[in-house]
Amino acid sequence: MMANPKIAVIISSTREARFADKPAAWLMDKVKDHAELDFELVDLRDQDLPFFDEKASNLWMPSEDPRAVAWQQKLAGFDGFMFVVAEYNRSITGALKNALDQAYKEWNRKPMTALAYGSLGGARAMEQLRLISIELQMVPLRNAIHIGGGDFFKVSPLGQNAPISEIEENLKGALKGTLEELTFYAKLLKDARV
């Protein structure tokens, strides 16, 4: 029997004052006992990534910086990705874009989705992330979890800073649909890569 597909939950904001820890903790609590997928939290704060400065993508030639190589090796161990996406100026964070650029082959043929947040639910950042993921040959999923509007301001420090449990009922459907789709594609693509 094959091991469960392994999914990285990547926190994409590195700011000290970030909101990401709160939804990431909520998500990890919801997926900790998932029967078909194994999840690991990967915080970009903990990765020693330089700004991308290779001669080319590792699609074309091996990376020289050992920090980039270490990141690539870490990513290679995952079968899919779920990003905790903050929307900064209608896009993803610079830290996430840099992390995406530091690898290529390790993203290929793996599903990706996200828990996105912001006043519009991180929708514009998700749109950018999906476009980037296509170029990296990931499989962007239709379903994602969005915390936006009144829900975002209810749980964000910009608003009431309430616990995520106070908006959880509004997220249940998206969480269920996202996990079902992620399970399907993670298993399908893992089997295809073997």
Side-chain angles (χ1 to χ4, degrees), residues 2-14 18 20 23-24 27-28 31-32 34 36-88 91-116 122 125-145 178-194:
M2 289 185 69
N4 285 346
K6 191 172 177 184
I7 308 299
V9 175
I10 299 177
I11 298 180
S12 66
S13 174
T14 57
R18 70 185 182 189
L27 178 62
M28 293 305 291
V31 301
K32 68 182 177 198
H34 198 280
E36 299 177 85
L37 300 173
D38 296 332
F39 292 84
E40 180 181 323
L41 191 64
V42 177
D43 191 338
L44 289 186
R45 256 192 209 161
D46 299 334
Q47 309 309 308
D48 182 21
L49 286 175
F51 284 116
F52 181 76
D53 192 26
E54 298 293 334
K55 292 178 182 142
S57 159
N58 75 336
L59 172 66
W60 304 109
M61 63 179 52
S63 298
E64 295 177 359
D65 191 312
R67 298 170 295 177
V69 172
W71 175 240
Q72 293 160 8
Q73 290 169 344
K74 183 169 192 65
L75 294 174
F78 293 106
D79 301 300
F81 304 97
M82 185 174 233
F83 298 91
V84 178
V85 178
E87 183 168 313
Y88 287 10
S91 190
I92 60 174
T93 65
L96 178 55
K97 180 61 168 79
N98 185 56
L100 291 163
D101 290 342
Q102 296 285 353
Y104 190 92
K105 299 180 292 184
E106 297 75 16
W107 302 113
N108 292 179
R109 297 186 174 107
K110 297 175 184 178
M112 65 74 59
T113 187
L115 187 168
M126 257 322 282
E127 181 178 29
Q128 295 294 312
L129 182 57
R130 284 183 171 122
L131 289 172
I132 295 164
S133 73
I134 290 168
E135 178 57 31
L136 294 173
Q137 298 186 48
M138 285 190 262
V139 177
L141 305 184
R142 176 194 176 275
N143 288 302
I145 305 155
T178 299
L179 292 176
E180 285 174 358
E181 190 179 20
L182 181 59
T183 301
F184 175 83
Y185 281 104
K187 287 180 166 188
L188 177 75
L189 295 168
K190 180 178 181 177
D191 289 346
R193 287 192 316 275
V194 172

Sidechain-backbone polar pair: E36 side chain, T183 backbone, donor-acceptor under 3.5 Å: no
Over all atoms of both residues, closest heavy-atom pair of P50 and N98: O-ND2, 2.8 Å
Sequence-distant partners of L188, side-chain contact (heavy atoms from CB on, under 4.5 Å), two or more places apart: F184, Y185
Exam field: side chain N108 to backbone L136, donor-acceptor pair closer than 3.5 Å: yes
Considering all heavy atoms, the nearest A20-I11 contact: CB-CG2, 3.6 Å
Where A56 and M61 come nearest, the two heavy atoms and their spacing: CB-CG, 4.1 Å
Contact list for residues 126-136, test side-chain hydrogen bond (donor to acceptor under 3.5 Å, both in side chains), sequence neighbours left out: none
Pairwise distance CZ(R142) to OG1(T113) - rounded to 0.5 angstrom: 10.5 Å
Closest non-hydrogen atom pair between V85 and A114, with its separation: CG2-CB, 3.7 Å
Separation of M126 CE from L131 CG (nearest 0.5 Å): 10.0 Å
Summary of ring pair (Phe, Tyr, Trp, His ring centres under 6.0 Å) pairs that have at least one residue in residues 44-71, sequence neighbours excluded: none
Verdict with reasoning, L100 to F81, per side chain to side chain contact (heavy atoms under 4.5 Å, CB included): CA-CA 11 Å; L100 291 163; F81 304 97; over 6 Å; no
With A68 via side-chain contact (heavy atoms from CB on, under 4.5 Å) - residues at least two apart: E54, S63, D65, Q72, Q102
Salt-bridge contact D43-R18 (side-chain N to carboxylate O under 4.0 Å): yes
More than 12 heavy atoms from other groups under 6.0 Å of CZ on R109: no
S12 to V84 - nearest heavy-atom pair and separation: OG-O, 2.7 Å
Minimal non-hydrogen separation, Y88 against S13, with atom names: OH-OG, 2.8 Å
Separation between CE of M138 and CG of L189, rounded to the nearest 0.5 Å: 12.5 Å
H34 side chain near N4 side chain, heavy-atom distance below 4.5 Å: no
Interatomic distance, L182 atom CG to L37 atom CG [nearest 0.5 angstrom]: 5.5 Å
Member of K6, K110, R193 meeting the salt bridge (Lys or Arg N to Asp or Glu O under 4.0 Å) criterion with D79: R193
Step-by-step side chain to side chain contact (heavy atoms under 4.5 Å, CB included) determination, L96 to I132: CA-CA 11 Å; L96 178 55; I132 295 164; over 6 Å; no
Atom pair CG/CD1 of L27 and I145 - distance to nearest 0.5 Å: 5.5 Å
With E106 via side chain to side chain donor-acceptor pair (under 3.5 Å) - residues at least two apart: N58
Q47 side, atom CD; I10 side, atom CD1 - distance, nearest 0.5 Å: 8.5 Å
D101: side chain to side chain donor-acceptor pair (under 3.5 Å) partners, not counting sequence neighbours: K97
Min side-chain heavy-atom separation V31-L179 under 4.5 Å: yes
Beyond-backbone contact of E40 with F78, side-chain heavy atoms, under 4.5 angstrom: yes
